[in-house]
Each structure stands twice: as C-alpha cells, then as structure tokens.
Amino acid sequence: MVGELYRFDENFIELKSGFVAGVDEAGRGPLAGDVFAAAVILDRDCMIEGLDDSKKLSFKKREELFEKIINNSLAYGIATASVAEIDRMNILEATVLAMNRAIKLLKVNPDFALIDGNYSKGIVCDNIAVIGGDRKSASIAAASILAKVSRDRYMLEIADKYPIYNFSKHKGYGTKEHIEAIKKYGVCKLHREKFCRKFI
C-alpha cells in the first residue's frame, strides 16, 4: 500500500522534474476552530512506513507518524486560517489561504503541488487537484496527518479554555452534544458564526 502511494508521487516527480509537495487540510467542516493545512515534500530516499489517510489511522498511529514525517521529510509547513478569516471569506477561500501559507513555509520551493480534493484554484504554485488524494499519494497522506494532528492538538488546548463545549471530544464538529451546547450557552469567540447561525 505504501509503495503504491509513493509510486503515485513518483509519476509527478518524473513528469515535472522537480520537487512535488502534497497538500491537505483538516477542519473544513466543524462549527468551531481554525482550519489547518499542511504541505509536505517527502524524501525519495526515506520511505515512511504506515502512511495512509489520517482518518483511517488511530490517534496513537497518527502521533507516531507525525514525528516521523517532520523528522524525515525534505520540507514541511503547517499553517492555519483563523475563525475570523473563515467568517470574513468563506470556508473554501480560507482553506486555500491556509494551504498557501503552508506551501510558503516550505524550506524547499515546490515545482508542483498535489492538492487533496476537487478544488485547487488560487494555489500559489503549479498544481493539480487529486480527489481522494490522501488515499492515493504518499505526500498528501503525510500532509493529512500533519494537518489532522496539529488541529487536534489545537482543539485540545481550546477545550481547556471553554470546557462547557467539550471540544476535546468532538473537536468542534457538529455533533448532537455540541449543537445542544450552542443552543444552551450560545457561541464563543472560537465558533464560526456563519456556520452556527441556524442553531442559535
């Protein structure tokens, strides 16, 4: 499986004759918290075993792979777009903003980027959108893990500041428990107000 993910990337590396970055996001759908994005350029000589779509991995496995990715990749960047930016723009534009910030943090300039999903308009470098990319591409899978772990850690920090919402459990997603808390207590400054209006 891991070999197949790396072969997918190799095709683009050979085609573009340069550095290829995988880019993914975490947190487009929640009612609260920033959206996170990560960009990763993997080292072709250091295959990371266990790479997969972050949603398929256990918490423990994601944490293990997070450390392996940042220690063994050629370059990585992790960035966010804030709740205020999400409300001011829209979640799609804010996600692209976070992705571009992550790409710009790479210490190696990518010649091409593989963007998870079906939309990549506005990305700062030459790119292609890859539907289901976190299941096809090693570098996108790596980016998905960095973005997911980073956002989960951030939501755990938020949870301590706003215990009434139990962010540590649902990570800001629109679960029944979270929606009931919004109806009871209203929103805090970390909620995406446009997302939450129908519940208030």
Please list all pairs passing the ring-ring contact (aromatic ring centres under 6.0 Å, His included) test where one or both residues lie in [range], with sequence neighbours left out.
range           : answer
residues 67-98  : none
residues 41-70  : none
residues 86-112 : F12-F112

Distance-only check: which donor-acceptor pairs under 3.5 Å involve side-chain atoms of residues 28-46, not counting sequence neighbours?
unit_1	atom_1	unit_2	atom_2	d
D34	OD1	V83	N	3.1
D34	OD1	Y154	OH	3.2
D43	OD1	D45	N	2.9
R44	NE	E10	OE2	3.1
R44	NH2	E10	OE1	2.8

Any side-chain hydrogen bond (donor to acceptor under 3.5 Å, both in side chains) involving residues 118-127? Give me the pairs, sequence neighbours left out, ordered by first then second residue.
->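 Non-adjacent pairs meeting side-chain hydrogen bond (donor to acceptor under 3.5 Å, both in side chains): S120-N127.
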
Taking only residues two or more places apart in sequence, or in another chain, which ones meet D111 in a salt bridge (Lys or Arg N to Asp or Glu O under 4.0 Å)?
->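 Counting only residues at least two positions away or on another chain, D111 forms no salt bridge (Lys or Arg N to Asp or Glu O under 4.0 Å).
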
Return the set of residues passing salt bridge (Lys or Arg N to Asp or Glu O under 4.0 Å) with E93 (not counting sequence neighbours), or none when no residue passes.
->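 E93 satisfies salt bridge (Lys or Arg N to Asp or Glu O under 4.0 Å) with no residue once adjacent residues are dropped.
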
Side chain to side chain donor-acceptor pair (under 3.5 Å) against [X], all qualifying residues, sequence neighbours excluded:
X    : value
R101 : E85
N100 : none
S137 : D9, S139

Any Lys/Arg nitrogen of R62 or D152 sitting under 4.0 Å from an Asp/Glu carboxylate oxygen of the other?
->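 Yes, R62 and D152 are salt-bridged.
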
K136 (side chain) donor-acceptor with I131 (main chain) under 3.5 angstrom =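 Flag set: sc K136 to bb I131 pair under 3.5 Å.
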
Parallel, tilted or perpendicular: which fits the ring planes of H170 and H178, with parallel below 30° and perpendicular above 60°?
->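 It falls in the parallel class, under 30°.
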
Pairs involving residues 153-168, ordered by first then second residue, that meet salt bridge (charged side-chain N to carboxylate O under 4.0 Å, His left out) (sequence neighbours left out) =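 Residue pairs passing salt bridge (charged side-chain N to carboxylate O under 4.0 Å, His left out), neighbours aside: E63-R153, E67-R153.
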
What pairs with K60 under side chain to side chain contact (heavy atoms under 4.5 Å, CB included), at least two apart in sequence or on another chain?
->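 S58, E64.
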
